[in-house]
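A short write-up of the structure that comes next.
Residue numbers begin at 1 in each chain, while the letters A, B, ... track the order of the sequences. Bear in mind that the values here come from a model prediction, so they are computed numbers and not experimental data.
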2 protein chains.
Amino acid sequence: MTGSIDRQVEAQLRADGVRFTERRRAVLRALVRAEGPRSAAELHTDLDRGIPLSSLYRSLAVLEAAGVVVPHHGTRGLTRYEPAEWLSGHHHHVVCAACGAVEDVELPPELEGELQAVVTRAVGGSGFSVRGHSLEIDGRCRRCA
Amino acid sequence: MTGSIDRQVEAQLRADGVRFTERRRAVLRALVRAEGPRSAAELHTDLDRGIPLSSLYRSLAVLEAAGVVVPHHGTRGLTRYEPAEWLSGHHHHVVCAACGAVEDVELPPELEGELQAVVTRAVGGSGFSVRGHSLEIDGRCRRCA
DNA sequence: TTCCTTGCAAACGATTTGCATTGGA
DNA sequence: TCCAATGCAAATCGTTTGCAAGGAA
């Protein structure tokens, strides 16, 4: 985490009237380091400091409310978190149906533009206000093919 | 639910050594009728017959194992189900970030085609073999806007 | 001092499971 | 008859919350 991002996150939290404590820094660092979304239980292991789960949940809730991390509901009854897009960049997921591996894909600008257009036209004049989109591509990775 | 689909589902279940009981028919019918994925609790309301939740969960588990319905993990701590695509057709989801409601959207053919093209080009020559895709559009529904 | 933060334990809500009963082929 | 299906209640599991103690500004 560079200093500038660090300061940006702090400002973001301050706007919510909360502090960027060492505990919260550690949680965010662990998420940035991670290969993919992590659950509270996984972070509990990653951080391994006897940090109680309730504290992890509270840290995650605070970071989520400030828009620093976003929840990911991919798995049965489990919420995993990852850094928000302004920290990690906009991307999509390629999921292997066989081994379950999830990989990030960043689309080239012109494809991302086309995708945006599809989304906009898809909701049409339905009154729904689009905030974001997420494309999941399912199939088999090279190894499992 | 047409008779032919009905028979197809029955065969699918029979292959798993289970029966297509009236209860399970009712659950599937409710899902087919619904505009989008439904949770066990929502089905409990939809069906309103004092059908115990545990039975609903068991019916859903059986239908899922047979590939007749598919789980959808869009919302915090909640699993919703919908008919598998071979029953309901290919579609995408619009999710309201405020109230959690999920609605189906079927893209007009030319948009679906564009989306396919984006997907194909996105994986490029990575060796990943595409099997399907799913687009989730996030934002706020008219009511929550 | 005044809030924000944390730990601990209890509370919760969604989902699952054990067990005895019912029902269909 | 035999095994699957069901209902009920208790058990699980991930997550949230009340409350009292600890810390930073």
From [atom1] of [X] over to [atom2] of [N], roughly how many Å is that when rounded to an integer?
X: A:E22; N: D:dG22; atom1: CD; atom2: C1'; answer: 17 Å
X: B:H73; N: D:dG14; atom1: NE2; atom2: P; answer: 14 Å
X: A:F20; N: C:dT5; atom1: CZ; atom2: C1'; answer: 15 Å
X: B:Y57; N: D:dT12; atom1: OH; atom2: C1'; answer: 13 Å
X: A:D16; N: C:dT5; atom1: CG; atom2: C1'; answer: 15 Å
X: B:L53; N: D:dA11; atom1: CG; atom2: P; answer: 19 Å
X: B:R23; N: C:dG23; atom1: CZ; atom2: P; answer: 11 Å
X: A:H72; N: D:dG14; atom1: NE2; atom2: P; answer: 18 Å

Over-ring placement of A:R14 relative to A:F20, 6.0 Å and 45° cut-offs: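 A:R14 over A:F20 ring: no.
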Distance under 6.0 Å and angle within 45° of ring axis: A:R38 vs A:Y81: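 No - A:R38 does not lie over the ring of A:Y81 by the 6.0 Å and 45° rule.
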Could you check whether [X] gets within reach of a base, just the sugar-phosphate, or nothing at all, counting any heavy atom under 4.0 Å?
X: A:T21; answer: sugar-phosphate
X: A:R24; answer: sugar-phosphate
X: B:T79; answer: sugar-phosphate

Presence of A:R76 side-chain N/O under 4.0 Å of C:dT16 phosphate oxygens OP1/OP2: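 True: A:R76 side-chain N/O within range (under 4.0 Å) of C:dT16 OP1/OP2.
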DNA chain C: 5'-proximal contact among B:R14 and B:L78 (nearest heavy atom):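 Result of the comparison: B:L78.
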From C:dG24, C:dT16, D:dT6, nucleotide with atom closest to B:S55 side chain: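 Side chain of B:S55 sits closest to D:dT6.
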Closest to the B:R19 side chain, choosing from D:dA4, C:dG7, D:dG14: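 Among the listed nucleotides, the one closest to the side chain of B:R19 is D:dA4.
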Exercise: do B:E85 and B:H91 side chains pair donor with acceptor under 3.5 Å: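 Result is no, nothing qualifies.
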Electrostatic pair A:R25:A:D6 at N-O distance under 4.0 angstrom: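 Yes.
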Residues A:R76, B:E64: salt bridge by 4.0 Å N-O rule: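 Salt bridge between A:R76 and B:E64, a charged N being under 4.0 Å from a carboxylate O: yes.
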Base C:dG7 paired with A:R58 side chain (donor-acceptor, <3.5 Å):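 Such a pair is found, so the answer is yes.
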